[in-house]
Amino acid sequence: MADVNPFPLERQALLQCYRTMRTIREFEERLHVDFGRGDIPGFVHLYAGEEATAVGIMSHLGDGDRIASTHRGHGHCIAKGVDVVAMMKEIYGRKGGSCNGKGGSMHIADLSRGMMGANGILGAGAPLVCGAALAAKYRKSGEVAISFVGDGASNQGTFLESLNLAAVWNLPAIFVIENNGYAESTARDYGTAVDSYVDRAAGFGMPGVTVDGTDFFAVHEAAGEIIKRARDGGGPALLECKMVRFYGHFEGDAQTYRAPGELDDIRNNRDCLKKFAAEVTGAGLITAEELTAIDHEVLGLIEDAVAQAKAAPLPTAADLLTDVYVRY
Ligand SMILES: Cc1ncc(C[n+]2csc(CCOP(=O)(O)OP(=O)(O)O)c2C)c(N)n1
Ligand SMILES: [Mg+2]
């Protein structure tokens with residue numbers, strides 16, 4: 001075992017980050033199978049392949065920090081600490097789910113964890129984040145708010161207006177662009193005029209950083225700097241994470257727009273979990289056996305979550321009339 005830790009996180013924190021990334025991966029792999037069997041109602045977009053971005057960023061946050069997610073939100077939820085069993089029940093449309101089974105995959109929220117919601121409307125989270133960041137600034141809480149959007153959603157007017165508002169009000173807001181190269185089947189370059197989102201950030205008067213979103217340590221470092229800056233009153237920033245999605249846009253997507261060999265290439269060469277494992281074992285800080293033990297533990301957790309989801313009751317007609325309005 002190495003005496004010197006070359007990483008910015010202690011061993012236990014590294015193991016925890018690996019566990020969270022592995023939990024997201026296995027959650028998604030299991031949904032892929034269960035959706036294919038017809039067990040899951042509604043629409044599902046998988047986050048598999050993108051785990052290092054969610055966990056690299058969320059490892060800097062507490063429950064008081066708020067995030068607004070996307071239609072591809074399971075990874076953000078798990079990394080923000082939302083209960084995996086409640087999430088599985090939600091996706092299965094059951095009582096006891098994060099929203100009592102009435103929201104499904106694209107509407108998971110848990111305000112107790114600062115997770116303001118996945119969102120079926122592209123770009124809708126960014127204005128919410130301006131509100132949360134304004135509240136944090138007003139209360140002088142030192143908390144930050146983070147908006148996630150994809151490369152496609154980054155062209156929405158709501159997103160661009162939010163960048164401007166956050167800069168004008170010097171808000172503790174971070175705008176993360178998860179650039180996986182596609183908006184549904186449209187390649188990024190076909191629909192976005194600029195090559196670099198850093199240039200776009202400059203146009204709104206805020207710093208922008210681009211990182212390899214499949215490299216946990218690169219994301220963690222860049223996010224740490226801009227989150228600290230925001231907490232200290234330095235204002236908003238934009239973070240572009242270049243990443244890959246392992247599955248189609250949605251479950252059932254035939255992916256005819258992919259280049260030949262593309263999926264094999266990203267699974268073999270751009271798997272953020274494999275990269276993380278190679279780094280920490282290569283440094284002699286964590287053993288392959290320790291990681292394998294976590295893999296087994298996570299598989300058990302997912303199996304249990306699915307069993308609990310399948311055993312949970314469906315909402316009833318009377319449940320349609322609850323959770324409609326906030327009670328004061
Ligand atoms: C306002 C709005 N326009 C269009 C859609 C349909 N839509 C859903 S996902 C998607 C593509 C999103 O691509 P991107 O933002 O890159 O995210 P990714 O799916 O790649 O994670 C589109 C066009 C929508 N949900 N909301
Ligand atoms: Mg995309």
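Remember, it's 1-based here, ligands and their atoms both numbered in the order they're listed. Here, residue 1 is the first one in the sequence, and each next residue gets the next number. This one's a predicted model, so the numbers in the text were calculated from it and none came from an experiment.
Contact analysis leaves V149 out of contact with ligand 1, as no non-hydrogen atom separation drops below 4.0 angstrom. Residue E178 places no heavy atom under 4.0 Å from ligand 1.
Between E51 and R22, no side-chain nitrogen of the basic residue sits less than 4.0 Å from a carboxylate oxygen of the acidic one, so the salt-bridge criterion is not met.
Between V298 and R19, some side-chain heavy-atom pair lies under the 4.5 Å cut-off. A 4.5 Å side-chain heavy-atom check between I24 and E50 finds every atom pair outside the cut-off. Using a 4.5 Å heavy-atom threshold, the side chains of D151 and N180 count as touching. Contact check for F7 versus L14: side-chain heavy atoms found under the 4.5 Å cut-off.
A cation-pi arrangement, defined by a distance under 6.0 Å to the six-membered ring centre and an angle within 45 degrees of its axis, is absent between R258 and Y247.
Annotation: A153 places an N or O atom under 3.5 Å from an N or O atom of ligand 1; distance criterion only.
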* List the steps, then state whether side-chain contact (heavy atoms from CB on, under 4.5 Å) holds for Q16 with Q12. => CA-CA 6 Å; Q16 184 55 39; Q12 281 311 318; over 6 Å; no
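Considering only non-hydrogen atoms, atom 16 (O) of ligand 1 lies nearest to G152 out of G123, G152, S185. Summarising the contacts of atom 2 (C) of ligand 1 with T186, L122, T70, the nearest heavy atom is found in L122. Of all the listed residues (R72, E184, R188), E184 holds the heavy atom that lies closest to atom 11 (C) of ligand 1.
Residue contacts with ligand 1, taken as heavy atom pairs separated by less than 4.0 Å, involve H249 solely via side-chain atoms from C-beta onward. With a 4.0 Å cut-off on non-hydrogen atoms, Q156 touches ligand 1 through its side chain and not its backbone.
H71 CE1, 3.5 Å is the protein heavy atom nearest to atom 17 (O) of ligand 1. Of the protein's non-hydrogen atoms, G120 O, 2.8 Å is the one closest to atom 25 (N) of ligand 1. Among all protein heavy atoms, the one lying closest to atom 13 (O) of ligand 1 is A183 CA, 3.3 Å.
One finds the OH atom of Y197 at 3.5 Å from the OG atom of S154 (value rounded to the nearest 0.5 Å). In this structure, I108 CD1 and K80 NZ are separated by 15.0 Å, a value rounded to the nearest 0.5 Å.
The aromatic rings of H45 and H249 stand perpendicular to each other, their planes meeting at an angle above 60°, with 30° marking the opposite boundary.
When each of N269, D212, D215 is checked for a side chain to side chain donor-acceptor pair (under 3.5 Å) with K275, only D212 meets the rule.
For ligand 1 and N180, the ligand atoms under 4.0 Å from any heavy atom of the residue are 18 (P), 20 (O), 21 (O). Interface atoms of ligand 1 facing D151, defined by a heavy-atom separation under 4.0 Å, are 15 (O), 16 (O).
In this model, no donor atom of one side chain and acceptor atom of the other lie less than 3.5 Å apart for D295 and T292.
Below the 2.8 Å limit, the Mg ion (ligand 2) has as protein N, O or S neighbours D151 OD1, N180 OD1, Y182 O.
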